[in-house]
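Comments concern the structure below.
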Amino acid sequence: MAERIALVDVNNFYVSCERVFDPSLDGRPVVVLSNNDGCVVARSQEAKDLGITTGAPFFQVKQFGQSHGMVVRSSNYELYGDMSARVMEVLSRFGTWQEVYSIDESFLGVQGNPEQLGELASRIRKAVALNVGVPVCVGVAPTKTLAKFANHVAKRNAHLDGVCSMDSMDPQLVERIQSRVPVTDLWGVGARTGTKLAGMGVSTIADLKAADATEIRKRFSVVLQRTVLELNSIACIPHNEERADKQQIMYSRSFSSPVTTIEGMVEVMSVYAQRGAARLLSDGLWATLLTVTAGTNRFSSGEASFPSLTIKLPSPTQDPILLARLAVAAMREIMHQGASYVRGGVVLSGLQPEAGQAMLGVFDEGGAETHVGDVLGAVKARFGNKSIGLGSGGLAVEPDWSMKREFSSPKFTTEWADIPIVRA
DNA sequence: TCTGGGGTCCTAGGACCC
DNA sequence: TCTGGGGTCCTAGGACCC
């Protein structure tokens, strides 16, 4: 009985979620766009086959795609978040431990002989398809890095039926594959490191596996050294089943049209700070640092500018009034007269649990304001995000910089009015 | 006309302390 | 004229991930 790690992820997750509720999308090229309908962030296999790349600006591929029958969706994070929770719940039944790694990926602790591991991987796949309706691939190996690699192999070889368990593979075959796959396809090796490695004659996974781990650490970092060890079946990336405590909360968006006035950015900061405060409240956290950022268009000619300012909060807080006021004041300080901003953001960091502050709160003059935050949060939870807000954050009408979502599907699973009706 | 958002971890270097 | 060494904490920046 060997201890192994399975990496399960959903194929083309956002597209697969859309397909569950609209089967007419099956077999067609489908893309899902980023916020503001800016870039392509997810593609169906058919869209990949058309040559549409991740990150492609939508306006550049729109014409071409649509002339090939491509279907476009704006991102529907309410739907994807809910579908993700369902997938993770199903996966949790199969592991001795589970680490949810991203919205569509999870590591699982699994055990068994080679035959049992292969069967388990197939069962996982069937269970998710049956219970949630989305397709997954499963990679099983002794380390996280190799599990990611096995998953990569499962995805690229249709005859494997979405499953690859390294224990059942001929070692020579593994070696052959590793000597063909570029090192930058590996988890943890990006473009920068790839270039530097190429200069040392390391271009495939097999090359990196054969490299001297100590030397790699000297020239790169402990991160890449771990990758080398993991390729050699020495597990050294720890798993944290407990979600590590959040380090920061960021609310940052590009605008659907540029903001050029101080009043405009003041409005943005007020809204964004309140969104950030709402997340602090729901996570039970206080912030001690507040950063505001703005940015001009980095693609247009001329000097781009990205002003930002971090301030230390007078005391740990989650108070939306205080945060909005300080964010607005900070933005007034850094923004340039006459600049045309296409994005803005509020970052809350130096986070600490509110529980530790409960006793101090009694002596804290911010106590009354905090109460307002609770009320705001409760009203929003019950009547929706737009039901109440402070000052310029309480906008009854969408401002013209607010997000564009032209092709959104309904919130099939999280909104009563949007729940699909089935007639038999 | 139009180009995402939200994170993590590691390292180097400076400030400060004894 | 000589000008330590070890430690911690913080921050900025780099690299990576999905």
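The analysis underlying the following values was restricted to heavy atoms, covering all of them including side chains, and did not include hydrogens, waters or symmetry mates. Bear in mind that the values here come from a model prediction, so they are computed numbers and not experimental data. Per chain, numbering begins at 1; letters A, B, ... match sequence-line order.
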**Asked** Using a cut-off of 4.0 Å on non-hydrogen atoms, how would the nucleic acid contact of A:Ile249 be classed: base, sugar-phosphate, or nothing?
**Response** sugar-phosphate

**Request:** Scan A:Asp37 against the nucleic acid and name what it touches under 4.0 Å (heavy atoms): base, sugar-phosphate only, or nothing.
**Result:** nothing

**Prompt:** Between B:dC10, B:dG7, B:dT3, which nucleotide gets closest to the side-chain atoms of A:Ser221?
**Reply:** B:dC10

**Request:** Check the distance between B:dC9's C1' and A:Gln247's CD and give it to me in whole angstrom.
**Result:** 9 Å

**Complete:** Per the under-4.0 Å heavy-atom filter, residues of residues 180-194 of chain A near DNA chain C come out as A:Leu186, A:Trp187, A:Gly188, A:Val189, A:Gly190, A:Ala191, A:Arg192, A:Thr193

**Prompt:** Under 4.0 angstrom, heavy atoms only, what part of the nucleic acid is A:Arg217 near: base, sugar-phosphate, or nothing?
**Reply:** nothing

**Asked** Counting side-chain heavy atoms from C-beta on, which of B:dT3, C:dC17, B:dG5 comes nearest to A:Tyr101?
**Response** C:dC17

**Item:** N/O (side chain, A:Arg343) to phosphate O (OP1/OP2, B:dG5) under 4.0 Å
**Value:** yes

**Request:** Would you indicate what A:Tyr251 reaches in the nucleic acid, counting non-hydrogen atoms under 4.0 angstrom: base, sugar-phosphate, or nothing?
**Result:** sugar-phosphate

**Request:** Give a yes/no answer on whether the side chain of A:Lys148 brings an N or O atom under 4.0 Å of OP1 or OP2 in C:dC18.
**Result:** yes

**Asked** What's the verdict on side-chain contact (heavy atoms from CB on, under 4.5 Å) for A:Met70 and A:Val30, showing C-alpha distance, side-chain angles and the deciding distance?
**Response** CA-CA 6 Å; A:Met70 183 175 80; A:Val30 181; over 6 Å; no

**Request:** Measure from NZ or CZ of A:Arg253 to the centre of the six-membered ring of A:Tyr251 and say whether it is under 6.0 Å with the direction within 45° of the ring axis.
**Result:** yes

**Message:** Base, sugar-phosphate or nothing for A:Glu105? Non-hydrogen atoms, less than 4.0 Å.
**Reply:** sugar-phosphate

**Message:** Measuring to OP1 and OP2 of B:dG5, would you say a side-chain N or O of A:Ser254 lies under 4.0 angstrom away?
**Reply:** yes

**Request:** Could you check how far CZ of A:Phe220 sits from C1' of B:dC9, rounded to whole Å?
**Result:** 17 Å

**Asked** Roughly, in whole Å, what's the span from CG in A:Asp104 to C1' in C:dC17?
**Response** 12 Å

**Prompt:** Rounded to the nearest Å, what distance is computed from the CD atom of residue A:Gln248 to the P atom of nucleotide B:dG6?
**Reply:** 10 Å

**Asked** To the nearest angstrom, how far is A:Trp401 atom CH2 from B:dG4 atom P?
**Response** 17 Å

**Prompt:** At under 4.0 Å between heavy atoms, what does A:Val222 touch on the DNA or RNA strands: base, sugar-phosphate, or nothing?
**Reply:** sugar-phosphate

**Asked** Are the aromatic rings of A:Tyr341 and A:Trp401 close, with centres under 6.0 Å apart?
**Response** no

**Asked** Quick one: is B:dT11 close enough that its OP1 or OP2 comes under 4.0 Å of any side-chain N or O from A:Arg219?
**Response** no

**Request:** Would you mind telling me which of A:Ser75, A:Ser409, A:Ser44 makes a side-chain hydrogen bond (donor to acceptor under 3.5 Å, both in side chains) with A:Glu18?
**Result:** A:Ser409

**Request:** Test side-chain contact (heavy atoms from CB on, under 4.5 Å) on A:Val140 and A:Cys164 and set out the steps.
**Result:** CA-CA 6 Å; A:Val140 182; A:Cys164 174; over 6 Å; no

**Asked** Hey, does A:Lys196 reach any base, or is it just sugar-phosphate, or nothing, if we go heavy atoms under 4.0 Å?
**Response** nothing

**Message:** Check this one for me: any side-chain N or O of A:Arg226 less than 4.0 Å away from OP1 or OP2 of B:dC9?
**Reply:** no

**Message:** I want to verify a distance call: between B:dG7, B:dG4, C:dC18, whose nearest atom is closest to the A:Ser34 side chain?
**Reply:** B:dG4

**Asked** Expressed in angstrom and rounded to an integer, what is the separation of A:Asn297 atom CG from B:dG4 atom P?
**Response** 9 Å

**Message:** Which is more 5' along DNA chain B, the nucleotide nearest A:Asn36 or the one nearest A:Val223? Just name the residue.
**Reply:** A:Asn36

**Item:** Rounded distance (Å) that lies between atom P of C:dC17 and atom CG of A:Leu224
**Value:** 11 Å

